[in-house]
Protein chains: 2
Amino acid sequence: MDKKLTIKDIAQLAGVSKGTVDRVLHKRGKVSQKALESINAVLEQIDYEPNLIARNLKNNKIYSICVVLPNPESDSYWLPCIKGIEQAKKEFKAFNLSINAHYFDPENTESFIAVNESVLNSSPDAVLLAPLFSKEALDAVEKYSAQNILVNTFNNQLESDEIRNFVGQDLYRSGRVAAKLIDSIAQKGQIAIIHFDEKFKNAVHMQEKEKGFRNYFLQEENSDYEVTTLKLKRKNYETKLEDFLKENPKLTGIFITTSKAYQIAEIIDKTKNNTIALIGYDLLDKNISFLNQGTIDFLINQNPKQQVYLGLSFLVDHFIFGKEINHSALLPIDIVNSENASYYME
Amino acid sequence: MDKKLTIKDIAQLAGVSKGTVDRVLHKRGKVSQKALESINAVLEQIDYEPNLIARNLKNNKIYSICVVLPNPESDSYWLPCIKGIEQAKKEFKAFNLSINAHYFDPENTESFIAVNESVLNSSPDAVLLAPLFSKEALDAVEKYSAQNILVNTFNNQLESDEIRNFVGQDLYRSGRVAAKLIDSIAQKGQIAIIHFDEKFKNAVHMQEKEKGFRNYFLQEENSDYEVTTLKLKRKNYETKLEDFLKENPKLTGIFITTSKAYQIAEIIDKTKNNTIALIGYDLLDKNISFLNQGTIDFLINQNPKQQVYLGLSFLVDHFIFGKEINHSALLPIDIVNSENASYYME
DNA sequence: AAATTTAGTGTGTTCGAGCACATTTTTATG
DNA sequence: CATAAAAATGTGCTCGAACACACTAAATTT
């Protein structure tokens, strides 16, 4: 009664052979009206689900997937991605998969182009790409698609019809989450948004977060916060920030839009000013350390590990189990304090 | 080069037949020393991974799994579990699985016993159990084990050697998370822990949370909070709470250890006292509504949906892919405010 | 030495889907 | 009506692991 029905069963019920059923299921034609009708009648009554295990047994191709991402040595934000890849490898070991990571220098567009070129030459079945450089990424995506290589992206959104999937976060929304947190913990007064990054390519990221952050306070009716934006680069950031703090003694909160909150925290720490609320991104060791010590109040987890893992498992689902790929998977925006941090760090 | 090696390949390399390789791999004996050695030599050189797909094709048994949990109509905390079951059913549709939910009345021990009895009689392959009533649950687990039925638990921890797995949260830790949140947002002063639940069986839950909560403040050196515990039951809780609020005008924060935060919020709302920080559990609609409106500051997500889903996917991994079951999976303790809530609610 | 047991080995079938190919049936054409 | 062409249908093999069973060769018993 509970038994799963097979093609053979359907054939028997419809009074035809399994070949004919197969042709109907795959719309390969060459089926008489009569046979079609009797098979469809059976199919309507039962809920046929092809046995994916059997389907895949035959198809014993090794799928090769390349993950293209920045070198974690250049930016430790990407470090958890390695774990994500390892986890996927382990999890899907039993299937015919070959997953390889390819790193590019996040400071160097040429390197991004070169790595994509070399990946292209290795003709993988799919590429999971962190499209840091929009223009060059679009180029790469086009080339991959031309070679019928499936492209999925993670971390950075990229508008392209060629992209089958995106795994990441709603940055605007994460800005709003940060704003709500500031609203919860900071005294009324002045709030600073700090963009601390060399890299122009992160501009979109930072802008979206700022937009969400500001928008939250615009919607609040009688918000007593004044929001200022400050852009810092590696050069002279210490003195610049110190000056800013002196000029704005009423500062009650800072929202750092990148993973460099620890660098801000170091300076705040020196000034012994414990009344400033600090919100940043990403669970880097240095950030966690300031979180535990209390200088940073909350971190927002962008979950790079999960992004890669999910991106890969979508590809596996597609190749191995023939599932459709959703166009977009937005990960939760995890609020992290010193007490729940460990759960988000592997 | 990259090709996965099969039993046939190993047989060829070792100069024997696939049957002999099979006997070695499964330690079925009846193999000569000579053959054993040559096969082991090959196995040492290569990294053989049996093709789980092929293995499962043969083994076309329908695995039946029963989920035993409280009726969501009696306590809407359990409502998301249905979604978790549905998701698992959908996700694993292609495998020979039969997943069925069985509800018991969370107020009624007899009902728990009866449901487990009936599940036992249906002889499933595995049971995923919410062991609300410890003593009766241990009884049930023993009976299941005696019939060789695999038992996994979720939501409530239960000490038993018979249990292969637990999916849930570290309640002590979640109490600490709540304390840290209170510490972040509430003014110094008096804090109340409110246990609001009829059900004695939740006592352990609530106690663990209280322990974690209090422990956080004990560890803090110069904590200026005074923590009081208040137990409320459905009967007269309004007047009781109102009296408590009058008696403690310096109250700055409340930690509700159950999912009934909305009932506290209703009363706080009436008193127009916006300075009291409120932290509760679980994303019930009513809680979310107070979260959006600002009366509740944070909710901690116990993620019942994910608990069931994970519990089921462990069983599937075990039955279908022969994976070992980890003994315990502690889910992250998600901090939820009005801005990131949607990501945790389906 | 023949008969029988037993250890060791190999062969063949199964699972369900998919597809190539063979076979049968129908339709079209001289 | 015969024959060719086209359409429809069925058969049989593959994938890899698992296991039943058949078989051979060596060891033991009669």
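Numbered from 1 within each chain, the chains take letters A, B, ... in sequence-line order.
The shortest distance between the side-chain N/O atoms of A/Thr20 and the OP1/OP2 oxygens of D/dG10 is below 4.0 Å.
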Return the polar atom pairs (N/O with N/O) between nucleotides 17-19 of chain C and the protein under 3.5 Å, or none.
from, atom 1, to, atom 2, distance (Å)
C/dA17, OP1, A/Tyr48, OH, 2.5
C/dA17, OP1, A/Asn51, N, 3.2
C/dA17, OP2, A/Ile7, N, 2.7
C/dG18, OP1, A/Arg55, NE, 2.4
C/dG18, OP1, A/Arg55, NH2, 3.2
C/dG18, OP2, A/His26, NE2, 3.1
C/dG18, O6, A/Lys18, NZ, 2.4
C/dC19, OP2, A/Arg28, NH1, 2.9
C/dC19, OP2, A/Arg28, NH2, 2.6

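Between A/Tyr63 and A/Phe319, the ring-plane angle classifies as parallel under the 30° and 60° cut-offs. Note on ring orientation: taking the six-membered ring where Trp is involved, the planes of A/Tyr309 and A/Phe92 are parallel (angle under 30°, cut-offs 30° and 60°).
Atoms CD1 (B/Ile53) and C1' (D/dA18) sit 16 Å apart, rounded to a whole Å. Note: NZ (B/Lys27) to C1' (D/dA18) measures 16 Å, nearest angstrom. In this structure, A/Arg23 places its CZ atom 11 Å from C1' of D/dT11, rounding to the nearest Å. Across the protein-nucleic acid pair, A/Ile320 atom CD1 and D/dG16 atom P stand 14 Å apart, rounded to whole Å.
Side chain of B/Gln87 to main chain of B/Gln306: no donor-acceptor pair is present (N/O by atom type, distance under 3.5 Å, no hydrogens or angles). Listed for the B/Ser64 side chain is no donor-acceptor partner under 3.5 Å among the backbone atoms of B/Ile99.
A/Tyr103 and A/Pro70 get closest at one heavy-atom pair: CD2-O, 3.8 Å. B/Ile163 and B/Leu158 make their closest contact through CD1-O, 3.7 Å (heavy atoms, listed as atom of the first residue, atom of the second, distance).
In this view, B/Phe112 and B/Phe104, B/Phe133 satisfy the ring-ring contact (aromatic ring centres under 6.0 Å, His included) rule, not counting sequence neighbours.
Looking at heavy atoms from C-beta onward, B/Trp78 lies in side-chain contact with B/Asn155 at the 4.5 angstrom threshold.
Residues from residues 29-37 of chain A that place a heavy atom under 4.0 Å from any atom of DNA chain D, listed by number: A/Lys30, A/Val31, A/Ser32, A/Ala35.
Comparing B/Leu57 and B/Gly15, the nucleotide of DNA chain C nearest to each residue sits closer to the 5' end for B/Gly15.
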